Amino acid sequence: MSRYDPATTEASWQRAWNAAGAFTARRDPDRPKYYVLEMFPYPSGRIHMGHVRNYAMGDVIARYKSACGYSVLHPMGWDAFGMPAENAAMERGVNPKDWTYANIADMRAQMQPLGLSIDWSREFATCDPEYYGQQQSMFIDMLAAGLVYRKNAVVNWDPVDMTVLANEQVIDGRGWRSGAVVERRELTQWFFRISAYSEELLTALDGLTHWPDKVRLMQANWIGKSRGLQFAFSTVGAPDGFDRLEVYTTRPDTLMGATFAAISPDHPLAKYLERHDPAVAAFVAECRKVGTSEEALEKAEKRGLDTGIRVRHPFDTAWELPVYIANFILMDYGTGAVFGCPAHDQRDLDFARKYGLDVLDVFTPTTRDDRVEDQAFVPLKSEPVRYVRGFAGSDLQTGEAAITAAIAFCEANGVGHGVTNYRLRDWGLSRQRYWGCPIPVIHCASCGVVPEAKANLPVRLPDDVTFDKPGNPLDRHPTWRACTCPKCGAAAQRETDTMDTFVDSSWYYARFTAPQAATPTVAEDAAYWMNVDQYIGGVEHAILHLLYSRFFARAMHATGHLPASAVEPFDALFTQGMVTHEIYLTRDNTARPAYHLPEEVEDGKLKATGQAVEVIPSAKMSKSKKNVVDPLAIISAFGADTARWFILSDSPPERDVEWTASGAEAAFRHLGRVWRLADECGKRGGGDAAQDPALIRATHRAIHEVTQGIEGFAFNKAIAKLYEFTNSVAKSDASAEAKTEAMRTMAQLMSPIAPHLAEDIWAMLGGAGLVAQARWPKADPALLVSDHVVLPIQINGKRRAEISVPKDMAPTEVEKLVLADETVIRVLAGSPPKKLIVVPGRIVNVVI
RNA sequence: GCGGAUGUGGCGGAAUUGGUAGACGCGCAGCGUUGAGGUCGCUGUGGGGUAACUCCCGUGAAGGUUCGAGUCCUUUCAUCCGCACCA
């Protein structure tokens, strides 16, 4: 071998690792365990750079921990249920199962050249009946434990295709295929009782000290604990059975500023009026022509309809407020009804202005001018304000104190009670779709809803389904629904809803600890491997997937499938950024712009025609913008190590990284340089000096800094240190032996990031066995510190000079040296400094 | 609309968490190697000023705290992510 040749060596090292069983996870009571997990992929059929980044990071950790002596579990699987398979079935007539498994085979083949240290013997897909059957078994346990129940909930309904739509299938309020205006419709659906864990999921966030603060904050906000007042207005002119209207407010201190009440279009009162009043029916129908997403509801133009009904203010029964149906009131939060205080809520103010309602100030600012027209005065709750319509005269107090006082006052006067509320809603898991885990229940005419007997699990999806019509193929399957009731034995029908794919991904981490077991988990395996020590994935999962997994682990514990120690399944979490690329496009006359793949562009011109392209700043790689780079193309051009090295080198892992061709080439050049360096000291020897103290120091500094970089998830810094170390070796005139020693350490330090090249070097320089199985080097602390430090001298905070002093020199001695410095003498010009600050080992500041 | 984040040279980023701003890499320039190009090896490179110095300015913008601010505080602008049926 005479040059760096990843095309041949990478595959052979992968064979060597497999032959050595280097990555097979084993329960080893004598070693500490380490479980590294990257969020498993959806098998779209093609790996992309985002996958490469995610798995490269996990691989660095896995290989590093393995070198540190841990027994490592680093598995891979497939999040294989979901809509894309059904879309492919509709568009191309393929079977979702065949399509999915073919994709899995393709993606596995694309992943293997990356040389990841994965234990492939544990691989599974969530669409394997062996997996989803265990999931059904747990569903039945959770149903028995009261963690699952049924209730009505709204879905997006396409009135033309007569089918339920996902939020992403609703474009501008219309169905993506039919183009029909989408409606909200109620269906009976299955729910997980996640709200029973609201408080626990919130307080337990404090213990997740190795999670990013932003993720914990987002989860806390999502759970949305609030303290407020719930009370009932008495109504005037309302239909029978609606003589009270329950409302919830987080600002009871503004009750005296209420000028209207508003209810959700989905509120029972609104539904009653809808049936009896054509004007209300028309308005509510309009409101329902908005999707179900909170975003769509909140962004929609604020509209209301006066019902003619009035409510009496609880503290002045002669004071009547109008009741509106308003499209921005959410039925799912609080009681679905509120009072409006326009003076201190922007949305209420906009509404009041639109419908000519009064605005009554409850408090006024103490520090600024009076309220600006059309801008509600909404101070922080901690800001003191002067109450002019409070409950205890014109006090100066904070909103916080006033809210507490208001709740106490209302309770004392029999107006409602203080309640704690959570924004978190129960998790609706029903999907009216085929390609998901069947919900294992049976509808029996005499017994009602009955769980399937565990002996009959898994409830398998039928393979012979058709997608020529919209709707759920399970509903119209000729035989699949027919079954017998496990309770009475009578003919009955299967549930045709399947589970949300988030259920599949809420426990796969536990299944990896015993992937072939006949029960969902195995106690000894779960006890040994759980928890996941390091979980890595995108921030887009910061809320839903992670919250659902935290709930599911608790539910699994409650049903005996996980130990109590595993209710927080992910000890440490790392959220990585996206991979971006510039976008290239050309515009021809009025036609919409044409996008071009990076490989079709060179020097700002199309390779084929020479036409200049417009360059749009880097954005997330996406097929529609064609700003994608195929990892396989990079691997075949430069090798996997280059792809891994570059994608980890250029940005901090939590931030977005821009893929650039020049950066990838630079990574390849560097790896080649390291290879040649090793080749030279292996063959022709080094310089004259037998030993080079600077090189030894550099080696130990590199060990220390690369280790720190990996431990601290700063792979970009670890790589920068490896560049520095390479420069140190190249510059050193040490002997061949000394350089060989340094380069062996180089191989070890590079091995988590560029594992194949590391093996090349290790073998060239006579390392024993595989570097993948070598122990991580240790830095000698004595070699990390130098005995002299360079102290910058600042004059009025600006660096003007520097002195070199012994590391431990006393500050008084340093002061003498500073005052003797010629720059300092010149600037002081004879007068003494006003102040002289010496920060030992850091800096000196002379104030004049 | 609500919630979360990010902003530093021509570019990606570093800065021991309040202590030398720009490590390392890209790009660019010069020199050497090579028949040319590429590779490879050295050297230089924030902006401005000067014959020269270490003279001025510099971390999205504006204010503030401090001996000292990229880092802390206030206001503001821009971009990105999530919003419960996308995975």
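Quick caveat: nothing in here was measured; it's all calculated off a predicted structure. In what follows, chains carry the letters A, B, and so on, assigned in the order in which the sequence lines appear, proteins first and then strands, with residues in each chain numbered from 1.
- Across all strands, A:R347 comes closer than 4.0 Å to no nucleic acid atom at all (heavy-atom distances).
- When both pairing distances are held under 3.5 Å, B:U6 makes a Watson-Crick or G-U pair with B:A78.
- The two residues A:Y132 and A:P438 make their nearest non-hydrogen contact at CE1-CD, 3.9 Å.
- Under the Watson-Crick or G-U wobble criterion, with both distances below 3.5 Å, B:C72 is paired with B:G64.
- Annotation: B:U79 and B:A61 have their C1' atoms spaced 15 Å apart (nearest Å).
- If you look at A:Y197 and A:W427, their ring centroids are not closer than 6.0 Å.
- Between the base of B:C83 and the side chain of A:E294 there is no donor-acceptor pair shorter than 3.5 Å.
- Within 4.0 Å of A:G82, counting heavy atoms only, lie sugar-phosphate atoms of the nucleic acid but no base atom.
- Among the protein residues, A:R216 comes within range of no part of the nucleic acid, since none of its heavy atoms lies under 4.0 Å from any strand.
- The partner of B:A14 cannot be assigned: no Watson-Crick or G-U wobble pair with both contacts below 3.5 Å exists in any strand.
- Using a 4.0 Å heavy-atom distance criterion, A:E705 is classed as making no nucleic acid contact.
- Of the candidates B:C86, B:C67, B:A23, the closest approach to any side-chain atom of A:M83 belongs to B:C86.
- Across all strands shown, B:G41 is found opposite B:C31 as a Watson-Crick or G-U wobble partner, with both distances under 3.5 Å.
- Spacing between B:C40 and B:A21 at atom C1', rounded to whole Å, works out to 33 Å.
- One finds no side-chain N or O of A:R423 lying less than 4.0 angstrom from the OP1 or OP2 phosphate oxygen of B:C2.
- Residue-level contact check: A:S505 touches neither bases nor backbone, having no heavy atom under 4.0 Å from any strand.
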Take A:N54 and A:Q576 through the side chain to side chain donor-acceptor pair (under 3.5 Å) test and state the conclusion after the steps. CA-CA 7 Å; A:N54 192 201; A:Q576 108 252 5; 3.2 Å; yes

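- For A:K214, no side-chain nitrogen or oxygen approaches OP1 or OP2 of B:C80 to under 4.0 Å.
- The same atom, C1', is picked in B:G46 and in B:G27; the two are 14 Å apart, to the nearest Å.
- Taking the six-membered ring for Trp and the full ring otherwise, A:Y535 and A:F574 have centroids separated by 6.0 Å or more.
- Here A:H670 lies out of heavy-atom contact (under 4.0 Å) with every strand.
- Backbone-only engagement by A:G428 is indicated by non-hydrogen atom pairs under 4.0 Å involving sugar-phosphate atoms exclusively.
- Among the atoms of the strands shown, only primed sugar atoms or phosphate atoms (P, OP1, OP2) are found under 4.0 Å from some heavy atom of A:K798.
- Within the 4.0 angstrom heavy-atom criterion, only backbone atoms of the sugar-phosphate kind lie near A:P652; the bases stay farther away.
- Using a 4.0 Å heavy-atom criterion, one finds that A:V215 contacts no nucleic acid atom at all.
- Rounded to whole Å, the C1' atom of B:G22 lies 12 Å from the corresponding atom of B:U45.
- As the counterpart of B:C53, no nucleotide is assigned, since no Watson-Crick or G-U wobble pattern has both distances under 3.5 Å.
- Remark: the separation of the P atoms in B:A78 and B:G60 is 16 Å, to the nearest Å.
- If you take CH2 of A:W222 and P of B:C81, they are 17 Å apart, rounded to a whole angstrom.
- Nucleic acid contact class of A:K620 (heavy atoms, under 4.0 Å, all strands): none.
- Taking a pair to require two hydrogen-bonding distances under 3.5 Å in either a Watson-Crick or a G-U wobble arrangement, B:G22 remains unpaired.
- Nearest to the side-chain atoms of A:N167 among the listed nucleotides B:A84, B:A14, B:C24 stands B:A84.
- Taking side-chain N and O atoms only, A:R800 has no distance below 4.0 Å to OP1 or OP2 of B:C53.
- Backbone-only engagement by A:S651 is indicated by non-hydrogen atom pairs under 4.0 Å involving sugar-phosphate atoms exclusively.
- Between B:U54 and B:A62, the two P atoms lie 31 Å apart (nearest whole Å).
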Apply side-chain contact (heavy atoms from CB on, under 4.5 Å) to A:F646 and A:F668, showing your working. CA-CA 8 Å; A:F646 173 64; A:F668 180 68; over 6 Å; no

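- Spacing of C1' atoms, B:A69 relative to B:G18, comes out at 7 Å, to the nearest Å.
- Comparing B:G35 with B:A29, their C1' atoms sit 24 Å apart, to the nearest whole Å.
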